[in-house]
Colleague: 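The structure is given below, and queries will be raised subsequently.
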Amino acid sequence: MEFHRFFFYASIILSISVYLFPIMANSMGINYGQIADNLPSPEDVVPIVKSIGATKVKLYDADPKVLKAFANTGVEFIVGLGNEYLDKMRDPAKAQAWVKQNVQSHLPATKITCIFVGNEVLTFNDTSLSSSLLPAMQSVHTALVNLGLDKQVTVTTAHSLSILEASYPPSSGAFREDLVDCLSETLSFHQKTGSPFLINAYPFFAYKGNPKQVPLDFVLFQPNQGVIDPATNLHYDNMLYAQIDAVYNALASLGYKKLAVHISETGWPSKGDEDEVGATADNAKKYNGNLIKLMSKKTGTPMRPNSDLNIYVFALFNENMKPGPTSERNYGLFKPDGAPAYSLGISSTSNVAGSNTTTGGTNGKPLSPIPTPPSTPTSSSTGYLSISPATQERYEFAGTVLLTALILTKMLLW
């Protein structure tokens with residue numbers, strides 16, 4: 001490591017952390033994407049991660065440089081197996097070789113606790129991918145069992161919120177009928193192995209898709225009237241919690257009421273194209289700042305008030321090589337030079353939506369439903385599809401879903 005560069009980043013972190021992150025979330029997770037050619041070295045990233053109080057990091061590969069840099073830091077890692085690996089991982093021998101090289105070799109110094117196999121596979125409408133998903137997950141888990149690592153490392157996959165057919169009100173949450181059979185098999189796997197169900201949720205896309213009908217304060221955790229679920233009388237004053245509870249209800253409808261749900265991605269871009277309404281630094285500050293405040297309170301959603309939220313904010317850095325609209329390159333809390341992309345301004349936990357989200361409104365009557373547009377036409381919220389640890393090549397694919405088809409199938413996703 002070049003020490004002058006290390007001290008440069010360290011000085012930035014020390015000088016801004018008190019002002020940028022005066023309140024830090026307990027067990028905060030952060031997504032560490034690397035589709036860029038100007039990011040700091042993994043060694044320089046360690047103090048940046050610590051400056052925001054993050055204790056969990058999610059990678060989209062198993063980058064050995066990153067895993068070595070975080071050795072003996074106590075930071076927990078989720079490592080990824082890209083979609084292009086699914087067919088190969090069906091072979092138990094290849095799965096075990098991958099686990100030995102990319103997981104076992106870093107334990108116990110680096111605290112790898114989970115492997116996610118594939119990202120948003122079921123919403124790419126690719127039968128070759130979807131048919132390989134569960135066999136690949138099973139092979140990786142078997143490899144962990146054979147190596148005696150299954151008690152400390154779990155296996156899962158990350159889903160887009162587009163797997164839901166209905167999400168409003170949250171009590172009506174249900175999975176798409178065409179995905180139920182496939183999901184049921186993976187849910188059984190989760191239950192048997194004790195692994196969490198991962199979902200990527202972005203209220204930003206709901207607002208961008210219909211800014212005139214979706215209240216901005218509702219998606220940014222700002223004080224607002226909120227809505228009441230008429231079936232449960234639960235009050236919701238932010239969209240993310242409603243999304244999470246919709247997922248809980250969808251799982252319960254298939255008999256998996258107790259399955260753990262983790263939010264593997266959520267965030268807000270600080271910049272966007274002219275047609276990307278809401279992609280501003282001020283909105284990103286409010287969304288991520290208020291979210292971090294709520295995570296620090298260690299409370300759950302209205303439906304699961306006693307369940308600690310497991311949320312991974314997207315993302316650590318702006319990534320200048322991501323294709324797609326401008327917003328895709330501006331989700332980071334930090335710029336590549338280690339400076340904050342904006343101040344989160346989380347000096348107080350007052351006036352944050354979500355602080356009281358357990359019962360009905362003051363008058364006890366359900367409020368008018370907030371119209372919820374279909375999700376963004378891109379299948380992958382952040383665009384990560386295939387990541388190769390060996391070559392460090394990254395590819396992005398956005399699976400398009402016709403807006404008319406979403407309406408016809410009533411996929412009114414928040």
Colleague: Would the number of heavy atoms belonging to other residues, nucleotides or ligands and lying under 6.0 Å from CD of Gln152 be above 12?
Modeller: yes
Colleague: By salt bridge (Lys or Arg N to Asp or Glu O under 4.0 Å), which residues pair with Asp178, not counting sequence neighbours?
Modeller: Arg176
Colleague: Can you list everything that forms a salt bridge (Lys or Arg N to Asp or Glu O under 4.0 Å) with Asp282? Sequence neighbours excluded, please.
Modeller: Lys286
Colleague: Evaluate the ring planes of Tyr241 and Phe221, with Trp represented by its six-membered ring, and classify them as parallel (under 30°), tilted (30 to 60°) or perpendicular (over 60°).
Modeller: perpendicular
Colleague: Looking at Phe77 versus Phe70, is the centre-to-centre ring distance below 6.0 Å?
Modeller: yes
Colleague: Taking Ala93's backbone N and O only, do any of them form a donor-acceptor pair with Asp91's side chain (distance below 3.5 Å, no angle check)?
Modeller: yes
Colleague: Lys111: what forms a salt bridge (Lys or Arg N to Asp or Glu O under 4.0 Å) with it, not counting sequence neighbours?
Modeller: Glu76
Colleague: With rounding to the nearest 0.5 Å, note down the distance linking NZ in Lys56 to CG in Asn31.
Modeller: 11.5 Å
Colleague: My understanding is that only residues two or more places apart in sequence, or in another chain, count here; which of them pass side-chain hydrogen bond (donor to acceptor under 3.5 Å, both in side chains) with His106?
Modeller: none
Colleague: Can you name the residues that form a ring-ring contact (aromatic ring centres under 6.0 Å, His included) with Tyr312, not counting sequence neighbours?
Modeller: none
Colleague: Does Arg90 have any side-chain hydrogen bond (donor to acceptor under 3.5 Å, both in side chains) partners at least two apart in sequence or in another chain, and if so, which?
Modeller: Ser132
Colleague: Could you work out, with ring-ring contact (aromatic ring centres under 6.0 Å, His included) as the rule, every residue matching Phe317, not counting sequence neighbours?
Modeller: none
Colleague: So Glu43 and Lys65, salt bridge (Lys or Arg N to Asp or Glu O under 4.0 Å) or not? Walk me through it.
Modeller: CA-CA 9 Å; Glu43 291 83 3; Lys65 294 181 180 178; over 6 Å; no
Colleague: Kindly state each residue pair satisfying ring-ring contact (aromatic ring centres under 6.0 Å, His included) with at least one member in residues 246-266, sequence neighbours excluded.
Modeller: none
Colleague: Of all residues at least two apart in sequence or in a different chain, which pass the side-chain hydrogen bond (donor to acceptor under 3.5 Å, both in side chains) check with Ser171?
Modeller: Asp229
Colleague: List in chain and number order the residues that pass side-chain contact (heavy atoms from CB on, under 4.5 Å) with Ala174, two or more places apart in sequence or in another chain; answer none if no residue qualifies.
Modeller: none
Colleague: Just say parallel, tilted or perpendicular for the rings of Phe197 and His159, cut-offs at 30° and 60°.
Modeller: parallel
Colleague: Can you list every pair that meets side chain to side chain donor-acceptor pair (under 3.5 Å) and has a residue in residues 138-150, with sequence neighbours left out?
Modeller: Gln96-Asn146
Colleague: Judged by modelled atom types alone, do Tyr32 and Asp63 share a side-chain donor-acceptor pair under 3.5 Å?
Modeller: no
Colleague: Looking at CD1 of Ile311 and CD1 of Ile199, how far apart are the two atoms once the value is rounded to the nearest 0.5 Å?
Modeller: 13.0 Å
Colleague: Please enumerate all residues that pass side-chain hydrogen bond (donor to acceptor under 3.5 Å, both in side chains) together with Thr186, with sequence neighbours excluded.
Modeller: none
